[in-house]
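Naming: A, B, ... by sequence-line order, numbering from 1 per chain. Predicted, not measured: the structure shown is a model, and the values here were computed from it.
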Amino acid sequence: MLLKVENLTKRFGGLVAVSDVSFGIERGEIIGIFGPNGSGKTTLLNLLAGLLPPSTGRVVWKGENIAGARPNVIASRGVIKTFQNPQLFSELSVFEHVMIASFLAFTRIKDHSRLSSFLAPGKGEAVLRARAEKALTLCRLQGASEKSAAELSYGEEKMLGVAMAMMCEPELLLLDEPASGLGNDEIHNLENVLRDLRAHGTTLCIIDHKVAFLAKFADQAIALQQGCKIAQGRPNDVLADPAVVKAYLGRSHHA
Amino acid sequence: MTQVVVGQILNGIILGSLYGIIALGVTMTFGITGIVNFALGQFMMIGAYATWYFTDLAMFPFPVAVALAVVISAVAGLVADQALFRFTRNNLVNGLLVSIGLISVTESVALLLFTTTPKNMDTVIAGSWTLGAITLPRMKVVAFLMLAAVIGLTWLGLSRAWLGRATRAYAQNPEAAMLMGVPTKLLQTGVVVYSCAIAGFGGALYACLFSLEPTLGGLFILKGVESAILAGVGNLLGALAGGVILGVTESVGSLYLPSAFRDAYGLVFLVAILLFRPAGLFGGQK
Amino acid sequence: MKALWFLIPLYLLPLVVKSDTMLTVLIFTFLLSILAVGFNIVFGGAGQLTMFHAAAFGIGSYATFLSMLHFGLPFWLGYLVAVVVVVLVSIVIGWICFKFRLKEFYFAVVTMAFAELCRLIALNWTSVTNGTLGMLVLEKPTLWLPRSGIVKIEQTAAWYFLTLVSLTVVLAFSALLMRSWIGRNFSAIRLNEDLAQTLGIDTFRYKLLAFTISNVIASFAGALYGFYTGFIEPSYLSVTQSLDAIAMVLLGGVSTILGPVVGSMVLTSLPHLIELPAELRVAVYGMILILVILLMPRGIVGLAAGLLKRRAHAS
Amino acid sequence: MLELSAISAHYGKNQVLRSIDLKVGAGEVVALIGANAAGKSTTMRLIAGLKRATSGSITLDGTEIGGLSTPKRVSLGIALVPEGRQVFAQSTVLENLTMGAYHRADRNHIQPDIDAMFAMFPRLGERRNQRAGSMSGGEQQMVAIARGLMAKPKCLLLDEPTLGLAPVIVDEISATVMKLARDGMTILLAEQNAAMALEVASRAYVLAAGAISAQGTPEQLKASPVVAQLYFGAETTDA
Amino acid sequence: MKSLFRGSFAAALLAAAVPGVAGAQTATVKIGQIEAQTGPNAIYGYMSSQGVPIAVDEINKAGGFKVGDTTYKLELMALDTRGDPKEATIQLKKLLEQDKVKFVFGPFLSNVFVTVFPYAKQFNGKFLMMGGGTRIHEFVGQPGNEFVIRTWNWDAGPKGFGEKMVDYLVKTANPKKVAMLFQNDSGGKILGDIYEPIFKARGIETMTEYFEPGTKDFSPVLAKIAGFKPDYLFPGYSDAALYDIVRQSVEGNYSKKFFLVRGSTGPGLKNKDGLEDYIVYVPKDFEEAEKKEPKVKHFIDAYKAFYKRDFPYDQAPLCSSSCYDHVYMLVEAMKKAGTVDDVEKIRKTLLSMTYQGMWKISFDERSEQIFNFDIVHLRKGGTKEVVHVEP
């Protein structure tokens with residue numbers, strides 16, 4: 001088991017945003033977490049990424065509890081999170097944005113001292129640039145590489161967020177609503193990108209409220225409601241779960 | 001010695017109310033427009049010079065002069081808001097730099113009009129009250145009462161009256177306030193103008209207490225910002241309390257320690273408060 | 001690095017301009033540019049609005065001179081002592097500010113408070129700093145040059161080249177830094193601290209680094225400034241000095257390599273090129289500031305870069 | 001009463017609404033259903049004046065209001081209960097309600113109206129002096145609705161009133177909406193929760209990717225595959 | 001706008017590049033002035049820069065002055081340092097190198113003087129600097145520093161006005177304890193260093209406190225001083241602070257007897273009903289002198305006409321008036337020396353002569369000015385007694 005979440009709970013004052021959630025992720029798997037807005041999805045992801053400390057519970061990454069560790073520590077172990085609404089610099093190009101995310105890749109370049117890269121970028125820089133190109137290609141952004149971030153469509157902006165995360169060579173990529181606000185073409189594109197990522201060997205954990213989108217390629221789905229896990233299993237099974245139907249369509253569907 | 005200390009505590013409270021009136025303007029402007037109006041001290045300067053001009057040169061009765069001074073500062077505030085601050089809403093750094101530009105311009109105008117020679121207004125209320133070894137100049141006490149009244153009335157107004165409700169609502173949730181029909185642009189302008197007007201009022205009372213120089217605003221804005229932060233930005237009565245705490249710290253501090261370090265006492269206190277209560281002394285938890 | 005070509009005409013200028021006054025104006029422009037470059041690294045780079053750089057500037061000049069005075073060190077070794085002092089001070093203050101997660105306005109105010117405390121210490125620790133009377137600096141920096149051996153920097157021309165070379169070095173350093181992994185980490189922090197953390201960046205450490213580097217550069221400007229003017233006084237550490245540098249950076253273009261230099265040119269050199277009565281000069285300074293902030297939100301260099309890009313796109 | 005014709009809107013370069021036509025007649029409850037980011041909130045914000053349309057017109061009782069500021073529209077009778085409730089968290093329930101009547105000139109009638117609200121939402125009456133921010137989500141939603149009603153609107157806009165609420169509370173909210181409808185209030189309701197929306201509405205529009213993909217009575221829509229597709233189906237087309 | 005910044009920088013550059021053009025004008029003597037006309041420390045500098053243009057204007061309107069066969073007019077270049085040593089350095093360079101000015105008035109600020117000193121020293125013998133700054137005292141009269149003379153008489157020493165003032169105080173009031181309260185800047189520190197020994201030598205106990213520049217509320221430090229129970233309070237030194245100190249001291253019942261060596265009668269007159277004793281050094285009691293001395297009356301009229309505003313009697317008009325005198329004094333020295341460009345000769349003439357303008361001005365062996373002054377002694381209710389002192 002790559003990641004194991006055990007009885008994770010997060011309280012904000014009196015509000016329980018995530019309540020006693022447990023699940024596991026296997027290497028190479030795509031896991032989809034869905035639920036209506038306000039069901040605690042984003043909080044859960046932030047707990048995994050270390051942006052919030054959990055109130056109780058454990059997050060076990062490769063056998064080691066990382067709950068409460070600082071986000072950069074968690075990131076350096078290989079768990080990277082994207083943001084729902086990427087903030088970008090209008091004055092920097094797409095390529096430069098990806099290079100901003102190159103730190104972890106940089107630290108992993110062996111036989112290359114940090115000081116020498118400071119004075120003469122040379123080899124290490126070339127490795128990073130190649131990697132950035134690869135991340136952009138993976139995210140279907142190779143053509144926009146020299147564009148300024150201000151010229152991107154919303155879908156491209158979100159893909160750039162994914163490219164920046166991919167630059168960190170994650171073992172587990174946490175995607176926060178990658179499909180929200182995208183048009184149909186963009187969603188198609190995203191689906192293809194996600195398939196590529198899986199082929200690339202990255203384990204994915206995606207949160208979304210669009211069940212259909214997740215159902216297409218997730219190996220495992222988890223439904224959240226009011227911070228609680230209400231169903232888990234194969235996507236189609238979860239979708240048929242009466243509790244899920246109720247959470248989504250109200251009291252009853254086709255009633 | 002106790003009486004000396006008590007005397008200085010009282011003096012600090014009085015002085016602190018002057019810091020407080022600027023702090024009130026700083027707090028309100030920051031809450032509603034997202035800028036720190038560093039030029040508020042200049043409006044205090046405008047109010048002070050206007051009061052001096054109307055009483056000593058134009059020979060108007062003092063209350064008329066104060067009213068005119070407040071009007072002039074308010075009008076100046078309106079001009080500054082429409083010409084400058086309107087464009088820097090919610091941009092801290094640009095607001096800061098535009099204020100600095102405005103400081104240079106107003107200081108320059110004051111120099112042209114009044115020169116660097118200090119002005120000293122004719123005494124409005126002479127004499128002192130004595131209580132044992134404690135002597136308090138009457139004008140200082142009156143100034144304190146008036147400033148505290150303005151701050152108190154502002155607080156009351158903001159918690160009770162119609163406009164105040166809008167201000168409070170806006171500070172909590174700008175968009176929801178707009179949905180209630182609060183004319184937000186007007187409100188932002190109104191707050192900038194009001195803060196300039198009360199700074200002008202502070203200036204009018206300042207003119208009754210101290211001598212005037214074109215650079216007087218610079219000192220008070222720093223103290224005002226310190227007081228506002230000390231109390232917790234957004235807290236109106238806290239602005240007065242913050243000013244008073246700063247005033248007392250300085251007054252009592254320079255009694256026991258070298259008075260040349262006077263400004264440091266408040267600063268050390270401020271840093272300590274910010275580190276241990278980042279929301280300020282009276283700020284809620286955020 | 002391309003930005004450095006901009007400096008070449010300045011190296012040739014003394015061939016044409018013999019005016020000592022003009023060169024002096026430029027020496028001050030260069031010195032204040034260095035200070036602004038330092039500020040640009042922490043603000044334009046890592047997005048932290050510090051108000052401490054003037055204090056670092058002052059500490060740089062005091063510490064360099066005092067270590068020369070008391071330990072008999074030459075200028076450059078004396079400056080090394082100053083670097084140690086500034087690094088220690090920066091780490092302590094930065095540690096406090098960043099540990100307590102002070103941001104934006106609060107960070108600005110607390111660093112300003114620390115800067116004021118430093119100024120008050122310089123002002124009142126009379127036995128060491130000579131307090132308000134300031135310190136006369138009659139020593140000059142020396143340099144070893146090929147052929148000429150050890151040279152004392154005394155004449156205007158010598159100072160011109162020393163300060164210009166210093167500015168070039170600092171600019172080159174800042175350009176290298178900004179495109180290195182450190183600069184990229186700074187950018188990530190400026191973009192979004194949470195994002196930076198999830199990209200594996202220890203934001204606390206890199207903010208501290210940005211703050212320290214910026215202060216060390218500011219102290220370099222201060223050391224040179226003190227020795228050029230020959231007089232060090234507590235007003236070096238004043239808030240006004242900090243604000244001036246901030247104005248330069250925003251005027252020239254924040255987060256650009258050349259912005260601080262252009263801003264310093266406008267605010268330091270320009271007033272000497274325009275004929276104005278005393279009272280109006282202050283007003284004009286204010287007007288320039290207001291107009292640039294309102295009309296060119298990305299500063300002069302930012303605007304120029306934008307125009308160039310647009311033209312390139314159009315063609 | 002309220003009519004949107006050929007409304008388009010952009011965020012930056014992204015078009016979020018594509019020529020929307022929408023009508024709400026007096027006394028009608030109209031639902032606008034669609035998935036997240038389909039453009040529901042944008043439509044609501046456009047009507048309230050929080051966002052400007054790129055093209056098209058919005059009329060209220062025949063007068064064009066597309067160019068007016070939000071406060072102006074509020075005084076003309078449009079009240080939006082925004083997504084995420086947006087109550088004044090530091091203020092009490094009572095203050096929130098009073099704030100709702102901010103634009104009203106008839107100050108004497110405010111107190112009776114507040115009493116009426118407390119009669120309608122007894123739970124709010126019990127907690128009139130509690131800070132709104134300290135209440136549960138459902139209670140906050142009620143505060144927001146009551147606050148919107150305090151404006152005495154001609155047309156009440158409800159943006160996702162059931163968002164993130166427990167099913168029991170959702171029932172309560174829909175009961176409230178139905179009661180308002182019975183009392184003759186004109187309501188435009190934007191909802192993700194299609195079942196709830198279709199239960200209370202007399203007419204509904206389905207919004208997908210910024211365009212109206214279907215419209216009709218609840219019965220018609222329940223039968224149509226479009227709604228089910230929205231959440232479960234494969235494609236969201238512009239059909 | 002009387003402060004003229006003639007010839008833009010660009011024009012000066014051109015002039016420097018094309019030799020001969022700059023030196024082409026005849027029959028003009030350039031005088032420069034570097035003072036803080038604006039900024040927080042501008043009080044003295046501002047007033048100085050007011051006095052000089054009046055004299056220059058008068059001399060030029062009268063057709064200039066004659067040395068030998070040539071008639072010269074004056075050209076004034078008054079630059080505003082804002083109290084910033086950096087600006088002052090640039091401006092002095094501009095004056096000396098580009099405009100080839102040989103006579104510079106100013107500065108009044110010590111930090112400015114100290115900064116420009118090493119540079120100015122390079123021009124020793126080539127120009128004359130006439131400044132009032134306190135710290136000029138440390139440098140004046142030393143070999144190599146002949147370029148500078150100090151336009152203010154020194155406090156200490158047998159001819160120093162400080163000694164004379166304290167003698168007057170001892171004679172009239174015989175105090176046992178004097179408290180000094182000075183601004184925490186170089187001027188204030190130097191005052192403390194000068195006066196402590198002067199009082200000590202007369203058996204008077206002293207206490208010295210400093211306040212931050214810009215202080216407005218003095219009551220804490222006054223309360224602290226009151227604990228020392230001084231007979232007299234000796235506050236310094238600019239009017240901005242004096243008005244506040246005197247008023248707050250009287251109102252707060254801390255000390256009602258004042259002794260001042262810098263400042264004006266203004267603060268005393270303003271509080272005349274509350275104070276008991278107010279002894280102040282003023283260069284001249286203008287209200288009285290206007291009636292008796294035609295030169296003073298002429299100056300006051302000229303001031304009003306030139307600036308179209310009232311003459312500030314109750315302020316410290318010293319700088320404007322003395323700088324007015326200095327222009328005439330310099331012209332007289334040029335006439336006597338028979339040259340306008342032999343700086344050394346003019347300097348020697350200046351130091352050896354006694355100029356009789358509004359003041360009787362001479363110089364001591366250290367090139368420091370000695371002039372007559374008045375002691376104004378105010379008592380409760382505003383009765384005024386003026387003692388003329390001639391060192």
Query - Options Ile288(C), Val239(C), Leu243(C), ranked by heavy-atom pairs under 4.5 Å with chain B, top entry - result: Leu243(C)

Would you find more than 12 non-hydrogen atoms of other residues, nucleotides or ligands less than 6.0 Å from [X] atom [atom1]?
| X | atom1 | value |
| --- | --- | --- |
| Tyr53(B) | OH | no |
| Glu104(C) | CD | no |
| Met287(C) | CE | no |

Query raised in the report: What residues of residues 41-50 of chain C sit under 4.5 Å from chain B when only non-hydrogen atoms are counted?
Result: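 At a heavy-atom separation under 4.5 Å, chain B is reached by Phe43(C), Leu49(C).
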
Query - With Asn40(C) via side-chain contact (heavy atoms from CB on, under 4.5 Å) - residues at least two apart - result: Val249(C), Val254(C), Pro260(C)

Part of [X] lying under 4.5 Å from any heavy atom of chain C:
| X | result |
| --- | --- |
| Val271(B) | side chain |
| Ile103(B) | neither |
| Leu84(B) | both |
| Val109(B) | neither |
| Ser99(B) | neither |
| Leu97(B) | both |

Query raised in the report: Between CZ of Phe105(C) and CD1 of Ile35(B), what distance do you get to the nearest 0.5 Å?
Result: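 Atom-to-atom, Phe105(C):CZ and Ile35(B):CD1 are 11.5 Å apart.
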
Query - Between CD1 on residue Ile290(C) and OG1 on residue Thr88(B), distance to nearest 0.5 Å - result: 10.0 Å

Any [X] side-chain heavy atom under 4.5 Å of [Y] side chain:
| X | Y | result |
| --- | --- | --- |
| Leu295(C) | Phe87(B) | no |
| Asn94(B) | Leu250(C) | yes |
| Met112(C) | Leu267(B) | no |

Query raised in the report: When you look at Val105(B) and Val282(C), which way does the side-chain contact (heavy atoms from CB on, under 4.5 Å) test go after all the steps?
Result: CA-CA 7 Å; Val105(B) 173; Val282(C) 191; over 6 Å; no

Query raised in the report: Counting heavy-atom pairs under 4.5 Å to chain C, which of Leu111(B), Leu102(B), Val36(B) comes out on top?
Result: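 Highest number of heavy-atom pairs under 4.5 Å: Val36(B).
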
Query raised in the report: Who wins among Ala264(B), Gly266(B), Ser108(B) for the most heavy-atom pairs under 4.5 Å with chain C?
Result: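 Looking at each of Ala264(B), Gly266(B), Ser108(B) in turn, Ser108(B) comes out on top.
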
Query - Shortest non-hydrogen contact from Ser104(B) toward Gly286(C) - result: CB-CA, 3.7 Å

Query raised in the report: What residue pairs, at least two apart or across chains, pass salt bridge (Lys or Arg N to Asp or Glu O under 4.0 Å) with a residue in residues 238-251 of chain B?
Result: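 As it turns out, the salt bridge (Lys or Arg N to Asp or Glu O under 4.0 Å) pairs with a partner in residues 238-251 of chain B, which skip direct neighbours, are Lys223(B)-Glu250(B), Glu250(B)-Arg262(B).
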
Below 3.5 Å, can you tabulate the donor-acceptor pairs from side chains in residues 21-32 of chain B to any protein atom, sequence neighbours excluded?
unit_1: Thr29(B); atom_1: OG1; unit_2: Gly25(B); atom_2: O; d: 2.5
unit_1: Thr29(B); atom_1: OG1; unit_2: Ser195(B); atom_2: OG; d: 3.2

